[in-house]
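Below is one structure; the comments refer to it alone.
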Amino acid sequence: MSVPPPDLAELLGALPSHRRELFEARVERWWPDLLDGLSVYADPAAVGERVVALAARAFEERDDELHALDLRRTLAPDWFQRPEAVGYAAYVDRFAGDLRGVADKVGHLQRIGVTYLHLLPLLKPRPGDNDGGYAVMDYRSIREDLGTMEDLRDLTGTLRGEGISLCLDLVLNHVAAEHEWAVRARAGEQRYRDYFHVEADRAAVDAWEATLPEVFPDFAPGSFTWDDDLEAWVWTTFNSWQWDVNWANPDVFCEYADIVLHLANHGVEAIRLDAIAFTWKRLGTACQNQPEVHALTQALRTVTRLAAPATIFKAEAIVGPRDLVQYLGKGRHHGKVSDLAYHNGLMVQVWSMLAAGDVRLATEALQRLDPIPASTAWITYVRCHDDIGWAIDDGDAAAVGLDGWSHRSFLADFYSGDFPGSWARGLVFQHNPATGDRRISGTLASLAGLECGDPLAVDRILLAHAVVLGWGGLPVLWMGDEVGLLNDPDWADEPGHEGDNRWAHRPRMPWPVDEDGELLQRVRRLVRARAATPHLHASTGTTVLDPHDTGVLLTLREHPLGPMVSAYNVTATERWVWGDRLRDLGLDPDRCVDRVSGEPPHLAGPGDVRLRPYQAVWLTAG
C-alpha cells in the first residue's frame, strides 16, 4: 500500500496561497520518488516527513529572485544541456584572490562564453593539511581568506545577472576531524559517534580492510585511524583527518539535505557531490558504487526539487566505465539521480590517443559505454584540478591487441617526459611500487608540448578542446587552459604544498591576461562554433564509429536536423575522411559545412575531406 505524503497545513501556514499550492504540488509529484530513495532506511516515511519539513522551511526562506529562477528552470529543464552551455573551473584564490575578486573577473568569463562556473572548495576547511579544501570543518561558513556567506550570496547574484550559474563542492563521504560532529563524537556524545564508522575491535577493522583499496598509499595507507578520545578506530578512506560519515544513519542524510538547501538558498545552482562513490559501506566489497549510493542520491535530489528545483547535481564519480552510467541513472533510478557526471573515460582516452597517435583503444572503450538518460549530460573536460589516473580497462586494451598494464605504463612514461620523443612535461604522482601504478600531474599546455616548445602544441590543445566541446555534454575548461598556462615551477614553495605535486597544474592566473592572444582567440571561436551548432544539444547521444584510419576518431550525432559527423586527427601527419563514408552516414561532402571553421571542408578526389595535423571538423549539411 502506498504511503500518503505528510499533512502540509502546519508547515505552510505562513505562506501566501499561491506558494502553498506550488509546494503542495511539488510534494505530490515527488513524494513517491523520495520514499523510493529512502527505502534504504527502516522507516522511509518517517525520514521523508523530516526532510519535507526541512524543504518547507527552505522554500519559505527562499528569495523571490530564486523562486523566479525556479520557475524559469522548470520551464526550461534542459538549460545545462544546450550547446551554448560552457563551463569553467577554478580555485577562488588562484583565479582572483577572493569571492569579490571573482565578481571583478566576470568579463573574462563572458568573453569566452562561460555560462557555468565551478569554484573548487571554498567552504571552511580544517587548518593545515586539508586535501585542497576537501576536509571541510564547517559546511555553513566560507574559508576566511575568501570571504563570507554574504559574499557568496552577492557573487551568485552577480553571476546570475550575467547568465552564469555557480557550482560548488559538497563533500559527502567525509568531514574534517575538527568538524563539530567529530568534536562532539570525541566528547562522548553517542548521537554524533553514530555519525561515523567507529570500530573498537581491530579484528573488525581487518575484516573491512581485507577488500578495501588504498586511495593514497604513499601518505595515507589503510582505511582506518585510531583515535584516543574515541578509544576506537574511525574510518578514514582518504586521510587520517578526514572522517567518513555513516550514511546508513538517517540523521546523516537529514543533515546533508539541510546543507544542500542552505547552499541553494544562497544562490548555488549546481552542487558537485564529491566522493559520492564511497558513501555506502558493505563488508566484503570495495565499498564503492554500492546500490544504496544511487538510492540516496535520488532522495537528496528529490528534496532539492521540492524547495529549489533550479539546483542540479553533479556526481564526482571517478569510477570504472561499467559503473559510471549508474550515476546518471539506470533501472528504477533512470534520470532520477545526478543531472551531470564527469566523463573521466573520455578525458583519459583523449590523452591516450594523443600519445599513441591511434584511436583504436578509444573507439573500443567509448563504444562500450551505455547510453545515458536524455535529461542528463556528461561533464566533458581535458584537464581538471586533479591528477590524471590512467583508467584503461584491461579488457578494452586486450580487444585491440594491447596489454592494459603496458599501455598504462607507456602513458605514464610518455606524459612524464621519460618516453623517447615525448613532447609532454608532466610529473609522476602517487607511484605505487607494488602495482606499478603512476598517475600524472601537469597543465594542459605542459602535457600537450607547449612547455618544451613543440610547434604543434597549440594545435594539440585545440584538438583536445574540440573533442570535449564537440561531444555534446557540458564542457568545462580548467582555469588557465584558455591562455596556455604552464606548470608552476615553484609549486612546492608554498607551505602545505610541498608533498603534493598536483599544485604544479594549479598556477595562479597571471592577470592581466592577453585578451588578444592566439590561443585564447581560437578557444573563443571554438566556443562560439559550439553555441551555433544545435546538433550539440546534450539530449542527443554521441556514437563512436569504427575508424577507417587508425589516426582519426570518428563520431556521429543523429540529430533531428540531420547527422553531424565529427572527425579528429590525433596525429602529426595529414589524414583524410573518405567521401564514401560520409555518404553512407547521410552527408554529401560537396554540400557539407565544417562547423568548427564555419566554411566548407577542404575536399579532394571523390569528396574526401582533408585533415591537417591535429585538425578537428564538425560536419553537417550546409
Side-chain angles (χ1 to χ4, degrees), residues 86-87 89 318 321 324 341-369 378-393 396-397 400 402 407-408 410-412 414-415 422-426 439-450 454 456-478 481-482 484 505 519 522-523 526 530 536 542-545 547 550-555 566-572 575 596 611 613-618:
V86 171
I318 309 304
L324 187 54
Y342 286 97
H343 202 328
N344 181 62
L346 180 63
M347 183 271 292
V348 170
Q349 294 301 336
V350 167
W351 291 109
S352 177
M353 288 188 292
L354 288 173
D358 192 308
V359 305
R360 285 173 293 181
L361 175 59
T363 299
E364 177 71 22
L366 296 170
Q367 284 180 343
R368 286 175 177 260
L369 280 179
W378 290 118
I379 290 284
T380 59
Y381 60 109
V382 183
R383 283 297 290 116
C384 68
H385 72 288
D386 223 338
D387 56 279
I388 301 176
W390 300 116
I392 302 296
D393 182 81
D396 293 340
V400 296
L402 297 173
H407 190 68
R408 290 189 291 272
F410 157 69
L411 293 174
F414 190 94
Y415 284 107
S422 170
W423 25 256
R425 296 296 180 267
R439 309 180 215 173
I440 291 292
S441 299
T443 67
L444 167 56
S446 288
L447 294 180
L450 198 63
D454 188 280
L456 292 173
V458 170
D459 292 323
R460 282 190 205 98
I461 293 169
L462 268 294
L463 176 74
H465 281 316
V467 174
V468 301
L469 286 162
W471 194 259
L474 172 55
V476 176
L477 309 178
W478 176 245
D481 283 352
E482 75 277 19
H505 59 249
L519 177 57
R522 292 177 69 180
V523 169
L526 196 54
R530 171 187 157 84
L536 288 172
T542 291
T543 300
V544 179
L545 304 173
T550 60
V552 178
L553 180 72
L554 281 180
T555 67
S566 299
Y568 305 96
N569 179 2
V570 301
T571 77
R575 300 293 171 117
V596 173
L611 298 176
Y614 299 113
Q615 184 182 2
V617 294
W618 301 336

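Residue numbers run from 1 in the order of the sequence given. The model shown is predicted, which means the values in this text are computed figures rather than measured ones.
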Minimum heavy-atom distance between Pro475 and Leu469, given as atom pair plus value: CG-CD2, 3.4 Å

Distance only, no hydrogens: is a donor on one side chain within 3.5 Å (strictly under) of an acceptor on the other, for Ser446 and His505? no

Test side-chain contact (heavy atoms from CB on, under 4.5 Å) on Tyr568 and Thr555 and set out the steps. CA-CA 9 Å; Tyr568 305 96; Thr555 67; 4.2 Å; yes

Got His465 and Leu519 here, is their nearest side-chain heavy-atom distance under 4.5 Å? no

Do you know the tightest heavy-atom contact between Val552 and Ala567? CG1-CB, 4.0 Å

Donor-acceptor check, side chain of His385 to backbone of Trp478, threshold 3.5 angstrom: yes or no? no

Show, in sequence, the C-alpha distance, side-chain angles and deciding distance for Ile392 and Leu402, and conclude whether the side-chain contact (heavy atoms from CB on, under 4.5 Å) test is met. CA-CA 11 Å; Ile392 302 296; Leu402 297 173; over 6 Å; no

Between Asp481 and Tyr381, does a side-chain contact (heavy atoms from CB on, under 4.5 Å) hold up when you go through it step by step? CA-CA 11 Å; Asp481 283 352; Tyr381 60 109; over 6 Å; no

Parallel, tilted or perpendicular: rings of Tyr415 and Trp351 (30°, 60°): perpendicular

On a heavy-atom basis, the closest approach of Leu411 and Ser352 is CD2-CA, 3.8 Å

Are Asp386 and Tyr342 side-chain neighbours, meaning at least one heavy-atom pair lies under 4.5 Å? no

How far apart are the C-alpha atoms of Leu463 and Val570, what are their side-chain angles, what is the distance that settles it, and do they pass the side-chain contact (heavy atoms from CB on, under 4.5 Å) test? CA-CA 8 Å; Leu463 176 74; Val570 301; 4.2 Å; yes

Check: Trp390 ring centre within less than 6.0 Å of Phe414 ring centre: no

Any sub-3.5 Å donor-acceptor pair from Arg575's side-chain atoms to Thr550's backbone N or O? no

Given Leu553, which partner from the list Leu545, Asn569, Thr363 fulfils the side chain to side chain contact (heavy atoms under 4.5 Å, CB included) test? Thr363

List the atom of Gly426, the atom of Leu447, and the distance in Å for their closest heavy-atom pair. CA-CD2, 3.6 Å

Glu364 versus Asp396, closest heavy-atom pair with distance: CG-O, 3.7 Å

If we only count heavy atoms from C-beta on, is the Val596 to Val617 side-chain gap below 4.5 Å? no

Does a side-chain N-to-carboxylate-O contact under 4.0 Å join Arg368 and Asp393? no

Taking every non-hydrogen atom, the tightest pair across Met347 and Val382: CG-O, 3.3 Å

With no hydrogens and no angle check, is any side-chain donor or acceptor of Arg383 less than 3.5 Å from a backbone partner on Leu444? no

Expected output: side-chain Arg439 to main-chain Asp387 donor-acceptor under 3.5 Å: no

Kindly compute the distance separating CG (Leu354) from OG1 (Thr571), expressed to the nearest 0.5 Å. 10.0 Å

